[in-house]
J.: 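Mind looking over this structure? Questions follow.
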Amino acid sequence: MMDGKKPRHQLVVFYDGSCEGCVKDRARYERWAGDSGDDIYWFDITGKEDVLLSLGISPQRALQELHVQNADGEIFSELDAYILLMKRLPRLRPLAWLMGLPLIRPCLSWLYRTWVRNRLEQQGRL
């Protein structure tokens with residue numbers, strides 16, 4: 001994981017702790033996961049550009065797309081990251097499946113990128 005050792009968490013979620021909506025989303029995911037979320041580590045990317053770069057994640061992209069790291073150290077972003085996270089929450093598994101469908105995925109990806117870009121522009125962070 002981040003220190004070269006085998007991770008004790010099955011999933012690391014890189015989130016924007018300076019984004020009020022992102023913090024609320026994190027709390028919602030944690031609540032929905034309950035005890036099954038104990039092996040999810042939430043990593044606030046705020047001011048952690050060096051850590052992101054060491055993992056091969058562009059700090060600018062980390063603001064624009066959710067990133068997760070699985071237990072094997074692989075990094076996934078945008079919808080792939082959301083699908084991996086949602087598959088871990090029983091109530092969101094059907095939504096994760098739906099998001100991955102060929103006709104739905106590109107539309108959701110466009111909507112997601114547009115929403116994030118608008119949010120960052122309104123906050124003066126893009």
Side-chain angles (χ1 to χ4, degrees):
M1 195 180 93
M2 287 178 260
D3 58 6
K5 298 178 184 171
K6 180 131 174 85
R8 72 169 213 253
H9 297 99
Q10 294 299 307
L11 197 67
V12 177
V13 180
F14 300 88
Y15 77 102
D16 183 0
S18 59
C19 162
E20 185 178 325
C22 302
V23 172
K24 287 180 181 177
D25 286 345
R26 173 194 169 169
R28 187 176 312 112
Y29 282 118
E30 286 180 309
R31 189 173 57 252
W32 288 346
D35 292 340
S36 68
D38 288 346
D39 63 354
I40 298 174
Y41 179 76
W42 295 85
F43 184 83
D44 181 359
I45 64 169
T46 308
K48 304 287 190 330
E49 290 81 6
D50 55 337
V51 174
L52 294 171
L53 289 169
S54 75
L55 294 168
I57 301 171
S58 156
Q60 189 63 35
R61 281 199 59 210
L63 283 177
Q64 297 173 352
E65 302 173 355
L66 179 71
H67 286 71
V68 300
Q69 182 181 43
N70 69 12
D72 294 328
E74 294 175 275
I75 304 286
F76 298 85
S77 62
E78 201 196 42
L79 288 186
D80 290 331
Y82 276 103
I83 289 170
L84 280 175
L85 176 59
M86 294 170 119
K87 282 182 176 180
R88 302 185 61 76
L89 309 176
R91 70 175 8 171
L92 294 180
R93 278 187 199 125
L95 185 57
W97 174 82
L98 185 66
M99 288 172 62
L101 293 176
L103 293 176
I104 294 175
R105 185 185 186 99
C107 295
L108 285 178
S109 180
W110 180 84
L111 287 170
Y112 173 73
R113 288 191 315 270
T114 302
W115 177 80
V116 171
R117 186 174 43 253
N118 288 340
R119 175 181 60 82
L120 292 172
E121 286 175 354
Q122 288 174 352
Q123 295 173 344
R125 298 171 62 200
L126 185 64

J.: What closest approach, in Å, do Gly47 and Asp50 show between heavy atoms, and which atom pair accounts for it?
T.: O-OD1, 4.5 Å
J.: Starting at CD of Glu65, measure out to CG of Asp80 and round the result to the nearest 0.5 Å.
T.: 10.0 Å
J.: Could you measure the distance from the CG atom of Leu66 to the CZ atom of Arg61? Nearest 0.5 Å is fine.
T.: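 Answer rounded to 0.5 Å: 11.5 Å.
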J.: If I take atom NE2 from residue His67 and atom OG from residue Ser58, how far apart are they, to the nearest 0.5 angstrom?
T.: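 Here the rounded value is 7.5 Å.
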J.: Do Arg113 and Ser109 get their side chains close enough for a donor-acceptor pair, meaning under 3.5 Å?
T.: yes
J.: Run the side chain to side chain contact (heavy atoms under 4.5 Å, CB included) test on Glu30 and Trp42 for me, step by step, so that the C-alpha distance in whole Å, both residues' side-chain angles and the decisive distance to 0.1 Å come before the verdict.
T.: CA-CA 9 Å; Glu30 286 180 309; Trp42 295 85; 3.5 Å; yes
J.: Please report, to 0.1 Å, the donor-acceptor pairs under 3.5 Å made by any side chain of residues 91-104, with sequence neighbours excluded.
T.:
from, atom 1, to, atom 2, distance (Å)
Arg93, NE, Lys87, O, 2.7

J.: Is there a side chain to side chain contact (heavy atoms under 4.5 Å, CB included) between Met86 and Ile83 once you walk through the steps?
T.: CA-CA 5 Å; Met86 294 170 119; Ile83 289 170; 5.7 Å; no
J.: Using 0.5 Å steps for rounding, measure from the CD atom of Gln69 to the CD1 atom of Ile57.
T.: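 The CD1 atom of Ile57 is 7.0 Å from CD of Gln69, to the nearest 0.5 Å.
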J.: Using the six-membered ring wherever Trp is involved, compare the ring planes of Tyr82 and Tyr29 and label them parallel, tilted or perpendicular (cut-offs 30° and 60°).
T.: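 Tilted: the ring planes of Tyr82 and Tyr29 meet at 30° to 60°.
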J.: For a 4.5 angstrom cut-off between non-hydrogen side-chain atoms, does Pro59 reach Ile45?
T.: no
J.: For the pair Val12 and Val68, evaluate side chain to side chain contact (heavy atoms under 4.5 Å, CB included) and give the outcome as yes or no after the intermediate values.
T.: CA-CA 5 Å; Val12 177; Val68 300; over 6 Å; no
J.: Report the distance from atom CG of Leu89 to atom CH2 of Trp32, rounding to the nearest 0.5 Å.
T.: 8.0 Å
J.: For Gln123, is the CD atom crowded, meaning more than 12 foreign heavy atoms sit under 6.0 Å from it?
T.: yes
J.: Is the shortest heavy-atom distance from the side chain of Asp44 to the side chain of Tyr15 under 4.5 Å?
T.: yes
J.: With heavy-atom distances below 4.5 Å as the criterion, would you say the side chains of Leu63 and Val116 are in contact?
T.: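 Counting from C-beta outward, Leu63 and Val116 never come under 4.5 Å.
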J.: Give, for atom CD of Glu78 and atom CG of Leu108, the distance between the pair rounded to the nearest 0.5 Å.
T.: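 It is 9.5 Å, given to the nearest 0.5 Å.
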J.: Check step by step if side chain to side chain contact (heavy atoms under 4.5 Å, CB included) holds for Val13 and Arg88.
T.: CA-CA 12 Å; Val13 180; Arg88 302 185 61 76; over 6 Å; no
